[in-house]
There are 2 protein chains.
Amino acid sequence: MNRTPGQRAGLDAGTVLRAALELLESGGVDAISMRRLADRLGVLPNAIYSHIPDRMSVLDGLLDLVLAQVRPPARGDGLARVELLMRRIWLELKRHPDLAPHLFSRQQLGPHALRLGHLTATWLAGAGLPADRAGQAMRVLMIYVIGAAAAELPPPASRPGTGRASTATFEAGLRWLLAGIATEIS
Amino acid sequence: MNRTPGQRAGLDAGTVLRAALELLESGGVDAISMRRLADRLGVLPNAIYSHIPDRMSVLDGLLDLVLAQVRPPARGDGLARVELLMRRIWLELKRHPDLAPHLFSRQQLGPHALRLGHLTATWLAGAGLPADRAGQAMRVLMIYVIGAAAAELPPPASRPGTGRASTATFEAGLRWLLAGIATEIS
DNA sequence: ACCTGAACACCGTTCAAGT
DNA sequence: ACCTGAACACCGTTCAAGT
């Protein structure tokens, strides 16, 4: 290393997360290792632990970074607005299909995930769903959206034609789900 | 090792997979390593490669072992029969929530996964869905079922109360999905 | 064909020490 | 507080050799 002990490298959590995003986009989740991250940042592996607790937290941060990109629809009425939001979440998540499953296994969700969940539940209630049903429907929709994103083929081979087909399937399922949810409106 | 070169340990793919299942049930997917597997089988790590190509294939085999346990409902009419099958798949998959996401990332599904998918599509078509819609609905249902299983809390802490709540949520979502799918019947 | 022995190229994480 | 240096306890996988 060019640096002697005590010299700063100017790292922070944001820098580490941005480097992790580059690794993710070039080689998928498996390419994200603390050591490769350190290499890319010009630092020794353990230096990262001054800014991020462990590798799991890197994936957590990455996921919230991805969800931060989702722009909730400004207007729209009832379930149509929810449908549009789900579509936007799916579009963002499916850019990293192998990262998406990580959302399932996390017990503590990030701020942006919580924000999108709360928004969804609020809009569902606003559309006329009873409070308990709104919470259930929100969780069901999230499960479907995350699952559909995870089901997209991993980065390696992006064969043509499957893109349109998977979009049609996702949207068909989303419509079916919302049609069923609509029957809960009194 | 007690064995000298050339002596057999009596391994085969089935034995390895059963040992992997034990590791899975005691410590989750992360506990499944080629070296721990070898330890448990009284063999050196590389001996496993005589029976299974790599670690990914172990998870593949494990998943198909789990899906082999699913007993398709013998009788029932139309969508109700599909609903029952989905419920059974979910019950089996959610026993290993951290293994379930692996079904998403696999490009080549195992024989039992294919069998269940084919059965589902057949029954959907039998209920009156057009062929292309039946295939779509099958994929949508699988995405939801696998996602719902993966969303179950990991093994470590099984706190009481969440079990019933998650079952209710899963079944509500399944009903909504099938209600939507039913509208496709001409 | 099925195993041992040995090695390669990695991992995540911790601890002590320097500034 | 933020980094280096060094180490610990792991990984998956490959290759050569023995029977």
Side-chain angles (χ1 to χ4, degrees), chain A residues 1-24 26-63 98-99 101-102 105-106 108 154 156, chain B residues 1-24 26-63 98-99 102 105-106 154 156:
Chain A
M1 299 300 115
N2 301 338
R3 227 171 297 99
T4 61
Q7 295 193 21
R8 309 298 163 98
L11 291 191
D12 58 20
T15 312
V16 174
L17 250 36
R18 277 190 298 275
L21 187 60
E22 292 177 23
L23 287 177
L24 176 68
S26 64
V29 166
D30 292 341
I32 303 176
S33 81
M34 301 303 271
R35 299 181 108 100
R36 263 204 277 257
L37 224 36
D39 258 19
R40 184 169 280 254
L41 294 166
V43 100
L44 288 182
N46 47 359
I48 298 175
Y49 292 85
S50 296
H51 305 99
I52 294 196
D54 51 27
R55 184 179 180 272
M56 273 306 211
S57 304
V58 174
L59 300 188
D60 283 352
L62 226 36
L63 217 24
D98 55 342
L99 181 62
H102 187 74
S105 54
R106 279 333 266 171
Q108 194 58 25
Chain B
M1 301 301 114
N2 300 339
R3 225 171 299 98
T4 61
Q7 295 194 19
R8 309 298 163 97
L11 292 190
D12 57 20
T15 311
V16 174
L17 249 36
R18 277 191 297 274
L21 187 60
E22 291 178 23
L23 288 176
L24 176 68
S26 65
V29 167
D30 292 342
I32 303 175
S33 80
M34 300 303 271
R35 298 181 108 101
R36 264 203 275 257
L37 225 34
D39 257 18
R40 183 169 280 255
L41 294 167
V43 101
L44 289 182
N46 48 0
I48 299 175
Y49 291 86
S50 296
H51 305 99
I52 294 195
D54 51 27
R55 185 179 180 273
M56 273 306 211
S57 304
V58 174
L59 301 188
D60 284 352
L62 227 36
L63 218 23
D98 54 343
L99 181 63
H102 186 73
S105 53
R106 281 331 268 174

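Within every chain, numbering begins at 1; the chains are lettered A, B, ... in the order of the sequence lines, protein sequences first and strands thereafter.
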Could you pull out the protein-nucleic contacts involving nucleotides 9-12 of chain D (nitrogen or oxygen on both sides, under 3.5 Å)?
from, atom 1, to, atom 2, distance (Å)
D:dC11, OP1, B:S33, OG, 3.4
D:dG12, OP1, B:M34, N, 3.0
D:dG12, OP2, B:M34, N, 2.9
D:dG12, OP2, B:R35, N, 3.3
D:dG12, N7, B:R35, NH1, 2.7
D:dG12, O6, B:R35, NH1, 2.9

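- Listed by chain and number, the residues in a salt bridge (charged side-chain N to carboxylate O under 4.0 Å, His left out) with B:R55 amount to none (sequence neighbours excluded).
- For D:dA9 and C:dC10, the P atoms lie 22 Å apart once the distance is rounded to whole Å.
- Atoms NE2 and CG, from B:H102 and B:L62 in turn, are 9.0 Å apart once rounded to the nearest 0.5 Å.
- Closest approach of A:L23 to A:R40, counting heavy atoms only: CD2-NE, 3.7 Å.
- Distance CG (B:L44) to P (D:dC15): 18 Å, rounded to an integer number of Å.
- Distances shown here put every side-chain N or O of A:H51 at or beyond 4.0 Å from the OP1 or OP2 atom of D:dA1.
- Using a 4.5 Å heavy-atom threshold, the side chains of B:I52 and B:L17 count as touching.
- Side chains of B:R18 and B:T15 form a contact here, defined as non-hydrogen atoms less than 4.5 Å apart.
- The two residues B:H51 and B:D12 come nearest to each other via the heavy atoms CD2-CA, 3.7 Å.
- For the pair B:A20 and B:V58, the tightest heavy-atom approach, listed with the atom from each and the gap, is CB-CG1, 3.8 Å.
- Nucleotide C:dT4 holds its C1' atom 13 Å from the CG atom of B:L11, rounded to whole Å.
- Between the CG atom of B:D12 and the P atom of C:dC3 there is a distance of 9 Å, given to the nearest Å.
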- Query: In dot-bracket form, how is DNA chain D paired, counting a Watson-Crick or G-U wobble pair only if both its distances are under 3.5 Å and using | for bases paired to another strand?
  - Reply: ||.|||||...|||||.||

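- In this structure a side-chain-to-backbone donor-acceptor pair under 3.5 Å is missing from A:R106 to A:D60.
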